[in-house]
Amino acid sequence: MRFKKFLSAAAAVTAFVFLFSSGVSANAADRSNRKNTKTTKEKSISLDINKAELCEGDIITLKPAVKGYKKCTVSWSSSDGTVASVKKGGIVTALKEGTADISVRIKGTGLKAVCSVTVTATAQEPSGQAEKTDPDGHSTVVVDGKTFALTFEDDFDGDTLDSTKWEKVPLQKRQDLNNYWDESMVWLDGEGNLVIEMSYDKENDRFLSGAVRSRGRFEQAYGYFEIRCKVNNVPGYWTAFWLMGDSVNDETGGGRNGTEIDIMETPYYNTKQVQNTLNWDGYGYRHKSSGNVSDIDVYDGEYHTFSLLWTEKEYVFYTDGKETWRTDAAAALGTCEVPLFIKISSETGSWTGRPDPEKLPDKMITDYVRVYKETETAGRVS
């Protein structure tokens, strides 16, 4: 009898332990499933734009938002690269009429986001604006009714500056706020951009920035010059895209012997303005200049294009394809007649006021530089 009671008690205990263990296992599994489900739901990627309607030659930048990953790598692709291409960083260029899906994926996963792009043919633009005309989007352009062909281009791909096209300007003091151009402030980011940093060297109480130039590598007289970049995003610094030559120091002959042409300068962060400037007859007491300031806000952290049409009769300046200043350079006795090289730079000085070190570093980011020369078949699309 006792043995039977013992067996009954043992059986009851065994059943309780089994039911308790099963319950614990079920609860643990349930929590694990909920956790995994929650984790899966949190991992995602999306784009700030799901649909875009563009004209041929338009360029937009898509911005992905990733959730559930501390670190990941994304890749970009286009369902039809002849209609719309995409570069690292989500830079989309509309090439020809049609539709294409631009996708961004998290590498190693099936997660992706898509922007549906519709491209329409570019209508004839008013005189004074630049029009992309070829399937590649940039090998020729039409400006003021004349066709220009590409002579120089750098998209800044890779991770090393192309020394056949550029040199980093060596260490030198600039302006009057203890600002130095330093080669260490210039590099490629590996995503198709040239970066020029603006920073404060606390140890030596000085401001640092940088510059590149094509001197001795590429120089051209006349043509169409263009940069696509992000300018300074804090006050106190200014960025510049300009043409320069040793002949600019000549104090005779007016600007025909040499003119510093500042296609774009951005010293007016607080008033949201852009400046174009011409300097000639050296930098001494004979120095002369002429300039224009336009009310255009380019200090928004986005890419903008700045361009110059330089002919034997005039200079024409553009921001984002719109004309900002046209001059026949009569005061300089004509336009520059000698080849000039390209410079891209950032610096500070009393002109802009002292930057706040607490707001640094800042960066000028350049997507591309392109230069064109007028073709003999003006007006014909090649």
Side-chain angles (χ1 to χ4, degrees), residues 150-175 179-189 192-199 207-232 237-250 255 257-267 275-280 282-283 287 289 305-308 310 315 317 336-349 351 363-373:
L150 190 70
T151 56
F152 176 92
E153 177 182 25
D154 199 340
D155 290 325
F156 301 107
D157 293 326
D159 54 15
T160 304
L161 189 68
D162 189 342
S163 61
T164 66
K165 298 178 180 178
W166 308 99
E167 71 165 331
K168 298 179 182 180
V169 178
L171 181 69
Q172 60 178 267
K173 188 172 183 179
R174 300 289 298 175
Q175 305 301 321
N179 175 219
Y180 286 79
W181 276 347
D182 189 310
E183 293 181 54
S184 68
M185 295 290 101
V186 179
W187 70 89
L188 300 190
D189 64 4
N193 295 297
L194 166 69
V195 178
I196 299 180
E197 185 176 319
M198 295 156 269
S199 64
F207 293 97
L208 300 176
S209 55
V212 298
R213 62 191 178 194
S214 65
R215 185 172 71 175
R217 294 158 172 80
F218 175 80
E219 300 180 9
Q220 181 174 303
Y222 312 121
Y224 184 72
F225 301 74
E226 183 173 81
I227 188 173
R228 182 173 187 262
C229 65
K230 297 180 182 180
V231 305
N232 54 299
Y237 268 95
W238 82 86
T239 60
F241 175 51
W242 43 310
L243 304 181
M244 186 62 176
D246 295 336
S247 61
V248 177
N249 292 301
D250 191 331
N257 289 351
T259 299
E260 175 190 326
I261 307 173
D262 300 320
I263 301 172
M264 170 274 286
E265 293 179 294
T266 59
Q275 178 160 308
N276 321 116
T277 315
L278 303 172
N279 294 277
W280 67 94
Y283 299 97
H287 171 257
S289 67
T305 58
F306 304 93
S307 314
L308 167 74
W310 167 16
Y315 302 109
F317 297 81
C336 182
E337 299 174 355
V338 299
L340 301 174
F341 57 84
I342 307 166
K343 293 187 77 170
I344 309 170
S345 64
S346 67
E347 57 190 298
T348 186
W351 185 23
K363 296 175 182 177
M364 177 188 187
I365 301 177
T366 301
D367 175 33
Y368 67 73
V369 172
R370 294 171 186 156
V371 182
Y372 302 80
K373 194 130 188 172

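Small disclaimer: the values here were computed from a predicted structure and weren't measured.
- Of the possible polar contacts, one joining the K168 side chain to the V186 backbone as a donor-acceptor pair under 3.5 Å is found.
- The heavy-atom pair separating D367 from N193 by the smallest distance is CA-OD1, 3.6 Å.
- With W310 contributing its side chain and C336 its backbone, the two residues share a donor-acceptor pair below 3.5 Å.
- Within 6.0 Å of the NZ atom in K230, the count of heavy atoms belonging to other residues, nucleotides or ligands exceeds 12.
- Note: I227 CD1 to D154 CG = 10.5 Å, rounded to the nearest 0.5 Å.
- Residues D262 and N279 have side chains in contact (heavy-atom distance under 4.5 Å, counting atoms from C-beta outward).
- Every residue two or more places apart in sequence or in another chain was checked for a side chain to side chain donor-acceptor pair (under 3.5 Å) with D157, and none qualifies.
- Here the closest heavy-atom approach between residue M198 and residue M364 is recorded as CE-N, 3.4 Å.
- Ion pair R370/D155 flagged as a salt bridge, since at least one NZ, NE, NH1 or NH2 atom sits closer than 4.0 Å to an Asp/Glu carboxylate oxygen.
- In this structure, CZ in R213 is found 13.0 Å from CD1 in I344, a value given to the nearest 0.5 Å.
- Note: F152 and W166 have perpendicular aromatic rings, judged against thresholds of 30 and 60 degrees for the angle between ring planes.
- Listed for the W181 side chain is a donor-acceptor partner under 3.5 Å among the backbone atoms of S346.
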### Message
Applying side chain to side chain contact (heavy atoms under 4.5 Å, CB included) to D162 and F156, what does each step give before you reach the verdict?
### Response
CA-CA 8 Å; D162 189 342; F156 301 107; over 6 Å; no
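- A distance-only check finds a donor-acceptor pair linking the side chain of Q220 to the backbone of Y372 [under 3.5 Å].
- A donor atom on one side chain and an acceptor atom on the other are found under 3.5 Å apart for W242 and S345.
- What you find for S307 and E226 is that their closest heavy atoms are OG-OE2, 3.0 Å.
- Within the 4.5 Å cutoff, no side-chain heavy atoms of Y224 are placed close to those of T151.
- A donor-acceptor contact closer than 3.5 angstrom links the side chains of T266 and N232.
- Minimum interatomic distance between V338 and G258 (heavy atoms only, all atoms of both residues): CG2-CA, 4.1 Å.
- Between Y315 and F317, the ring planes lie tilted relative to each other; the angle falls in the 30° to 60° range.
- The backbone N or O of F341 sits nowhere less than 3.5 Å from a side-chain atom of S214 that would complete a donor-acceptor pair.
- Remark: the backbone N or O of L278 is not paired with any side-chain donor or acceptor of T259 at under 3.5 angstrom.
- Note that OG1 of T277 and CD of Q275 are 3.5 Å apart. Values are rounded to the nearest 0.5 Å.
- Using a 4.5 Å heavy-atom cutoff, the side chains of F218 and T164 are not in contact.
- A 4.5 Å side-chain heavy-atom check between F306 and V231 finds at least one atom pair inside the cut-off.
- Put simply, the side chain of Y237 gets close to the backbone of S199: a donor and an acceptor are under 3.5 Å apart.
- Of all non-hydrogen atoms in Q175 and G349, the two that sit nearest each other are CB-CA, 3.9 Å.
- One N or O on the side chain of N179 and one on the backbone of F207 form a donor-acceptor pair closer than 3.5 Å.
- Going from atom CZ of R174 over to atom OH of Y180 covers 12.5 Å, rounded to the nearest 0.5 Å.
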### Message
I'd like to know whether V212 forms a side chain to side chain contact (heavy atoms under 4.5 Å, CB included) with V169, so could you lay out the CA-CA distance, the side-chain angles of the two residues, the decisive distance to 0.1 Å, and finally the verdict.
### Response
CA-CA 5 Å; V212 298; V169 178; 5.8 Å; no
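- For the pair M264 and L308, the minimum side-chain heavy-atom distance is 4.5 Å or more.
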### Task
Give the intermediate values and the outcome of side chain to side chain contact (heavy atoms under 4.5 Å, CB included) for residues K165 and I342.
CA-CA 10 Å; K165 298 178 180 178; I342 307 166; over 6 Å; no
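- A distance of 7.0 Å separates CD1 of I263 from CD1 of I261, quoted to the nearest 0.5 Å.
- To the nearest 0.5 Å, atoms CD (E260) and CG (L243) are separated by 9.5 Å.
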### Query
Does the side chain to side chain contact (heavy atoms under 4.5 Å, CB included) test come out yes or no for I196 and T239, once each step is laid out?
CA-CA 9 Å; I196 299 180; T239 60; over 6 Å; no
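- Across R217 and S163, no two heavy atoms sit closer than the pair NE-O, 2.8 Å.
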